[in-house]
4 protein chains.
Amino acid sequence: MSPKVSDAYKEERRQSILDVALRCFAEKGYGSTTVDDIAAGLGVSKGVVYLYFAGKEELYKQVMEERMQQSITGMKKRFRPEDGAENKLRQVFHAFRNQSLPELKRLLAFYLEFWLESSRREDLKAVMDRQSTYAEDFIASIVEEGIRSGEFRPDADPADFSALFWATRDGIALQFVGGGEDADYRKRMEAMERTLLGSLLQSGK
Amino acid sequence: MSPKVSDAYKEERRQSILDVALRCFAEKGYGSTTVDDIAAGLGVSKGVVYLYFAGKEELYKQVMEERMQQSITGMKKRFRPEDGAENKLRQVFHAFRNQSLPELKRLLAFYLEFWLESSRREDLKAVMDRQSTYAEDFIASIVEEGIRSGEFRPDADPADFSALFWATRDGIALQFVGGGEDADYRKRMEAMERTLLGSLLQSGK
Amino acid sequence: MSPKVSDAYKEERRQSILDVALRCFAEKGYGSTTVDDIAAGLGVSKGVVYLYFAGKEELYKQVMEERMQQSITGMKKRFRPEDGAENKLRQVFHAFRNQSLPELKRLLAFYLEFWLESSRREDLKAVMDRQSTYAEDFIASIVEEGIRSGEFRPDADPADFSALFWATRDGIALQFVGGGEDADYRKRMEAMERTLLGSLLQSGK
Amino acid sequence: MSPKVSDAYKEERRQSILDVALRCFAEKGYGSTTVDDIAAGLGVSKGVVYLYFAGKEELYKQVMEERMQQSITGMKKRFRPEDGAENKLRQVFHAFRNQSLPELKRLLAFYLEFWLESSRREDLKAVMDRQSTYAEDFIASIVEEGIRSGEFRPDADPADFSALFWATRDGIALQFVGGGEDADYRKRMEAMERTLLGSLLQSGK
DNA sequence: AATGAATGAGTATTCATTCAT
DNA sequence: GATGAATGAATACTCATTCAT
């Protein structure tokens, strides 16, 4: 009566499909990725993918939904209660800066393509918006915390800062998707950290 | 013995195919645009597209090659000899700021997708690189002119400035491809103009 | 009122189309030859071909009808009244043997393909049959003449000999369409001449 | 985990595709045979053909490679150890003579077209050459055996005989592709057997 | 649960033929 | 007469999805 395979096993498999799918979508693009590519990457048959996801598009959405939030959630978890807002922000910059460039390119290629596609298809748009909101809230809430604690300028606008933060990150990303050196990327991210963080810290103190 | 239709007619038709193709590629994406879509958009049969272009991919490349450079070439032509470098740069900002947002979105969606695709396919990469070089040279040469004439700081770096210029433009673009208000876009572009132009002008004056 | 172009001009053009068409059909095959190929070979536009022939298939048939018979007719014309039957047959062998191999290959490739196609399409079959009859009659009538004149064995069968003649020629042809040396071809044709002619000549004399 | 269908099933299906393909190619020609024709002949969808063969051309090559050799291989298998060389050769003639004419026509139409096409396309040429070599070796090796055993004239040339054998078979074939009576075909093949075999047997006996 | 054979809709491309100029 | 732009039917091939085993 009990299921032959445990829920844990199922979840594990589900995650591994998402992993492989992200990699495939990023490297070949959504249109050029076949369900067989993903199954082959997992070493299983096509049928398995359909056992866990309703279809290719559904899989695409869920990669965005889960994998993109995962990096943010990962950061959140690493925050300790005693970390201040500035410290948290620095951890965020640090995390972005120290991603390996190949992996970053993968994530960004996936992300940019999803963005593009979402501007064309309503159902993807909803996923994208949810994702954007989650990301914006993440940064905005740190800023709010910093304002409350007096670490950041009281006149800083959490929403504006957050928008600027992601716009800059995306802009830089764009430059490096096509190719670029690891060192250049880190330098660019440091400049971003200096500029953005500088605009938040109390100027007069 | 003479051709039935004039060269002017043929060129006109060629341009109209490029126009429709840009619109289709931007709205539906390269993969989802069928040659029939383009032909239908023109009100002709599929065969006509193949009469003017070797195939869908060739058409894709030529839209990039011609349409993207066209906006830059258009600006160049409008420059008068007596315009100074600052004036030219302001014209450039003005032109970007005053593009209609729908048309801008189209251009940018096309441009971003081409960028993404070019990171995956060698032949597109070559076109993309040519295009990037052309764009970077355009801005860099204005900056050089301004340095020579004393309008801009002598220590400004034309190549760096040009890279920053396009990165910022692309970053902003990215934000608006998904949607956004006309007014917000102009405000953002004005901020860009202030910041970037400010960094070029003689500080001691 | 008189035609702008003379009939002679028209016939000349018609023949030049047949020439180019034979060459194209032989080299690329019927299916792979486009009407544009033929027009380009002539240095005129596609339309001209349709001015002289009802369509590609019609042209195909007429190449067979006219060009294939032409080589036979050419031989006939070169016969002088005083030539005996044996002499005529030797001239025929001589003509076949001394064709340039490339040209021969062309003719045979065309001929074999037509044969093949004619086994599949009724309308070509009629043309092929007419052609075969013409060729068989040509050889058979020489044999008949030789029997009457006493040059050939009285018990020779003109029809059988003719059939054997063409079968052998075709069999050899088949071997060389795929490739082969000029010298080998001539040697093979000489063997054919010896064998076939030997079987006709009076044995007891 | 185990495959759903057995390897035997797959091989059977593969063979049935080759069968139908041979029939289609022979009856309609390569160019006029559509993949849908073949699928329809099997009562399955187009996709199945692509499941077993990489494409139409690949299928074409494999029909030649497998089906043509099959008839030869079939004969080889029927040889018993105690059969002498003459006996083997007689079995070969017998097998050719007793093929049903419709089936023979099919095989030959396919074979001739492939030959023709191979003179125009390099990749087919390689297949054709392999096939020719296999066929020539088959006959030549019987002749060699006969020479060794003293059944055949010691001065017979295996390679020459083999070439002549196939040339004659092809020549006769050519005559019957277009049409012809069953009885005439057998008579012709008998004449071929007498002539060729006669030239091999010890003359002094 | 897993497999992978089968389906068939969807698409780029070619080319014979027509016909306005 | 000649041109060549336009048409559109035809066809190879791909791949998401289904489902019998």
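Chain naming here is simple, since letters A, B, ... match the order of the sequence lines and numbering starts at 1 in each.
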Let's see if you can work this out: which of [options] has an atom nearest to the side-chain heavy atoms of [X]?
{"X": "Ser45(D)", "options": "dG8(E), dA16(F), dG1(F)", "answer": "dG8(E)"}
{"X": "Tyr50(D)", "options": "dT14(F), dT13(E), dA2(F)", "answer": "dT14(F)"}
{"X": "Val35(B)", "options": "dT3(E), dA12(E), dT17(E)", "answer": "dA12(E)"}
{"X": "Val44(A)", "options": "dT3(E), dT7(F), dG1(F)", "answer": "dT3(E)"}

task: Write down the distance between NZ (Lys28(B)) and P (dG10(E)), rounded to a whole number of angstrom.
output: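 Interatomic distance, NZ of Lys28(B) to P of dG10(E): 13 Å.
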
- prompt: Roughly how many Å is it from CD1 in Ile38(B) to P in dT13(E), rounded to a whole number?
  reply: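 One finds 10 Å between P of dT13(E) and CD1 of Ile38(B), rounded.
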
- request: Check whether the side chain of Lys46(B) and the base of dT13(E) form a donor-acceptor pair under 3.5 Å.
  value: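 Side chain to base: pair present.
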
task: State whether Tyr52(B) places a side-chain N or O below 4.0 Å from either non-bridging phosphate oxygen (OP1 or OP2) of dA6(F).
output: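 For dA6(F), OP1/OP2 do have a side-chain N/O of Tyr52(B) under 4.0 Å.
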
query: So which one's nearest nucleotide on DNA chain E is more toward 5', Asp36(C) or Lys56(B)?
result: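 Nearest nucleotide further toward 5': that of Lys56(B).
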
- prompt: Want to settle it: does Thr33(C) or Val48(D) sit nearer the 5' end of DNA chain E, counting the closest nucleotide to each?
  reply: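 Per heavy-atom nearest nucleotide, the more 5' residue is Val48(D).
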
query: 5'-most contact on DNA chain F: Arg13(C) or Thr34(A), nearest heavy atom basis?
result: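 Nearest-nucleotide comparison on DNA chain F picks Arg13(C).
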
field: Watson-Crick and G-U pairing of DNA chain F written in dot-bracket, each distance under 3.5 angstrom, with | for inter-strand partners
entry: .||||||||||||||||||||

message: Among residues at least two apart in sequence or on other chains, which ones pass side chain to side chain donor-acceptor pair (under 3.5 Å) with Lys61(B)?
response: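 Per chain and number, Lys61(B) pairs via side chain to side chain donor-acceptor pair (under 3.5 Å) with no residue.
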
